[in-house]
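See below for the structure under consideration.
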Number of protein chains: 2
Amino acid sequence: MKRTAPILPSALAELLPATLHVLCATITLGKGSYLFKAGRKPACMYFVVSGELTLERPGAQGESIILQRTRQGFAAEASLQSASYHCDAKAVADTVIVSIPIRELRTMLEQDPAFALRWISMLNRELKRLRLQCERLSLNTVQDRLCHLIETEGRGGRYPMGSGLKSIARELGVSHEALYRCVASLEKGGKLHRVGGDLVQAGVSG
Amino acid sequence: MKRTAPILPSALAELLPATLHVLCATITLGKGSYLFKAGRKPACMYFVVSGELTLERPGAQGESIILQRTRQGFAAEASLQSASYHCDAKAVADTVIVSIPIRELRTMLEQDPAFALRWISMLNRELKRLRLQCERLSLNTVQDRLCHLIETEGRGGRYPMGSGLKSIARELGVSHEALYRCVASLEKGGKLHRVGGDLVQAGVSG
DNA sequence: CGTACTTTTGAATCGCATCAAATCTGGTGG
DNA sequence: CCACCAGATTTGATGCGATTCAAAAGTACG
């Protein structure tokens, strides 16, 4: 784990009041290393900038149960008011994280109502996104999930596959083979096209 | 739609400051009726007490896309700061809802820091719950999902099936038949027992 | 040019959805 | 008390779609 001067992603810079900017730190985690372990007292809030962080905890049979998987955004927001971690945070890949001290974060949330409202907005957006993902994952064919993704996360029937179909497959909770086949079949049926780096849904004919 | 004097569930009563209590109203929606439609300007925040409310919007092919399904808790928190609804809210069953005026809610969030922090806590709990559900739904066998449910939402390997296995099946995103079979098979293998109204996971032997 | 990764297609298998039907349950009214 | 009904529970049979294992082809990069 390596700490350096804070280089905040714009999403964070706009969210946090200036007072907190200087208190942030950037942390670089190698694949397989831990950010924190269960039982420890939370001192910081963590924002994943790149890579992948999982929160997990051992189940009754000793197997590991995944509670959250973050590739971009806050991990374990609930640490804001919990006295100790109930899970381990582990980097699944090389990961870059920004840390924000919790004590000062809480103080600012209490003292700066505008900031508190921005924070609430951020949580609301996150809730909305997760609700969409839950609905998507409760669809039972790859095609339904893909269409739901394009309809809800895309812009005008267009969804960017910046990081490749393989990573979209993970997001949809299906094997990459299944997704490749689904896309191929939709393309053959003329219902979907690949334009540039985007998946483009064919509009209603006419 | 019928409005009556506010009878707040305790979760709401403890969350909201007294000032807001008297501004709440209880709404009863018949199955199939709408709470609001897309385009309308949000005036209230809604808390589902019982029944089931869905947020949906038409997709490109005219089919309806479900954005959220709420059986208990807030629906469309994001209406707190959005200028208009982007979806319809429809009661899938006879549903009881408590409404809270948004203008006054925002005012109180700005003026009462303690309330704002309580609100943030509530959002954090909701996020945690949804993240768990996403992870659960991305497991691909009924058994894995059921075990994840018991491990994460149960207490000490014990999960109440108050509303019946059928409703648990919906929550797990599987058919009730599949869940019945899964439970039966786990019971036969001695890995799960039904005690009283609970599902009890057999502990590690020894 | 070799290495690593994504993309793509194939074949076999498995688990779940679905349709069907039987049993069990609690509750209601005669 | 019994007849009856609606809903939950349970078991069976069938087909489809996804997972999985395998392998080939394309692509970026040093």
Side-chain angles (χ1 to χ4, degrees), chain A residues 30-32 50-52 66 71 92-95 133-149 159-189 191-200, chain B residues 31 50-52 63 66 69 71 92-95 133-149 159-189 191-200:
Chain A
K31 175 174 175 175
S50 67
E52 183 169 336
I66 296 188
R71 310 181 66 187
V92 177
D94 290 350
T95 303
Q133 190 169 2
C134 282
E135 288 303 330
R136 193 176 304 135
L137 289 174
S138 68
L139 300 174
N140 37 22
T141 69
V142 174
Q143 181 174 325
D144 287 347
R145 291 189 193 180
L146 179 59
C147 291
H148 190 281
L149 180 76
Y159 185 86
M161 18 171 218
S163 40
L165 279 183
K166 204 169 172 181
S167 87
I168 293 181
R170 259 200 308 252
E171 192 177 334
L172 293 179
V174 300
S175 68
H176 62 276
E177 295 97 326
L179 182 58
Y180 283 126
R181 278 186 257 260
C182 173
V183 169
S185 137
L186 284 174
E187 273 185 308
K188 199 171 297 178
K191 297 175 182 169
L192 192 72
H193 303 284
R194 269 180 270 200
V195 182
D198 292 1
L199 286 177
V200 182
Chain B
K31 174 176 176 175
S50 68
E52 182 169 336
E63 83 287 13
I66 296 186
R69 187 185 305 272
R71 310 181 66 188
V92 177
D94 290 349
T95 303
Q133 190 168 2
C134 281
E135 288 303 330
R136 193 176 304 136
L137 290 174
S138 67
L139 300 175
N140 36 22
T141 70
V142 175
Q143 182 175 324
D144 287 348
R145 292 190 193 181
L146 178 61
C147 291
H148 190 281
L149 180 76
Y159 185 86
M161 16 172 219
S163 40
L165 279 183
K166 205 169 171 180
S167 88
I168 293 181
R170 259 201 308 254
E171 191 176 335
L172 293 180
V174 300
S175 69
H176 62 276
E177 295 97 328
L179 182 58
Y180 283 127
R181 277 186 258 259
C182 173
V183 170
S185 138
L186 284 174
E187 273 186 308
K188 197 170 299 179
K191 297 175 183 170
L192 191 73
H193 303 285
R194 268 180 273 199
V195 182
D198 293 1
L199 287 177
V200 181

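Residue numbers start from 1 in every chain, and the chains themselves are labelled A, B, ... in the order their sequence lines are given, proteins ahead of strands.
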*asked:* Whether A/Arg194 contacts C/dT8 is assessed here as follows: a side-chain N or O lying under 4.0 Å from the phosphate OP1 or OP2. Is that the case?
replied: yes
*Between B/Arg194 and B/Val200, is any pair of side-chain heavy atoms under 4.5 Å apart?*
no
*Within this structure, what is the NE2-to-C1' distance between B/His176 and D/dG7, rounded to whole angstrom?*
11 Å
_Gap separating the SG atom of B/Cys147 from the NZ atom of B/Lys191, nearest 0.5 angstrom_ = 8.5 Å
*Could you pull out all residues at least two apart from A/Arg71 that satisfy salt bridge (Lys or Arg N to Asp or Glu O under 4.0 Å)?*
A/Glu52
*Can you list, by residue number, the residues of residues 177-189 of chain B that have a non-hydrogen atom closer than 4.0 angstrom to DNA chain D?*
B/Glu177, B/Tyr180, B/Arg181
*Within this structure, what is the CG-to-P distance between A/Asp144 and C/dA17, rounded to whole angstrom?*
13 Å
*Over how many whole Å does the gap from B/Leu165 atom CG to C/dT23 atom C1' extend?*
16 Å
_Before you tell me yes or no, could you show the steps for B/Leu186 and B/Leu146 under side chain to side chain contact (heavy atoms under 4.5 Å, CB included), namely the whole-Å CA-CA distance, both residues' side-chain angles and the distance that decides it to 0.1 Å?_
CA-CA 10 Å; B/Leu186 284 174; B/Leu146 178 61; 4.0 Å; yes
Would you tabulate the pairs of protein nitrogen or oxygen atoms and nucleotide nitrogen or oxygen atoms of nucleotides 27-30 of chain D closer than 3.5 angstrom?
none

*So, A/Ser138 side chain and A/Arg136 main chain: donor-acceptor pair closer than 3.5 Å or not?*
no
*Quick one: do A/Tyr159 and A/Leu149 satisfy side chain to side chain contact (heavy atoms under 4.5 Å, CB included)? Show the steps, please.*
CA-CA 8 Å; A/Tyr159 185 86; A/Leu149 180 76; 3.8 Å; yes
_Using every non-hydrogen atom in the two residues, find where A/Val92 and A/Lys31 come nearest and quote the distance to one decimal._
O-CG, 3.3 Å
_Between C1' on C/dG15 and CZ on B/Arg145, what's the gap in Å once rounded to a whole number?_
11 Å
Distance-only donor-acceptor pairs under 3.5 Å for side chains of residues 168-185 of chain B, two or more places apart:
from, atom 1, to, atom 2, distance (Å)
B/Ser175, OG, B/Ala178, N, 3.3

*Does DNA chain C take part in any stems of at least 3 consecutive Watson-Crick or G-U pairs (both distances under 3.5 Å), and if so, which ones?*
C:1-30 with D:1-30
*Is there a donor-acceptor contact under 3.5 Å from the side chain of A/His148 to the main chain of B/Ile66?*
yes
*I would like to know whether A/Leu137 and A/Arg145 meet side chain to side chain contact (heavy atoms under 4.5 Å, CB included); could you show each step before the answer?*
CA-CA 7 Å; A/Leu137 289 174; A/Arg145 291 189 193 180; 3.8 Å; yes
*asked:* Please give me every residue in residues 166-175 of chain B whose heavy atoms get under 4.0 Å of an atom in DNA chain C, ordered by residue number.
replied: B/Gly173, B/Val174, B/Ser175
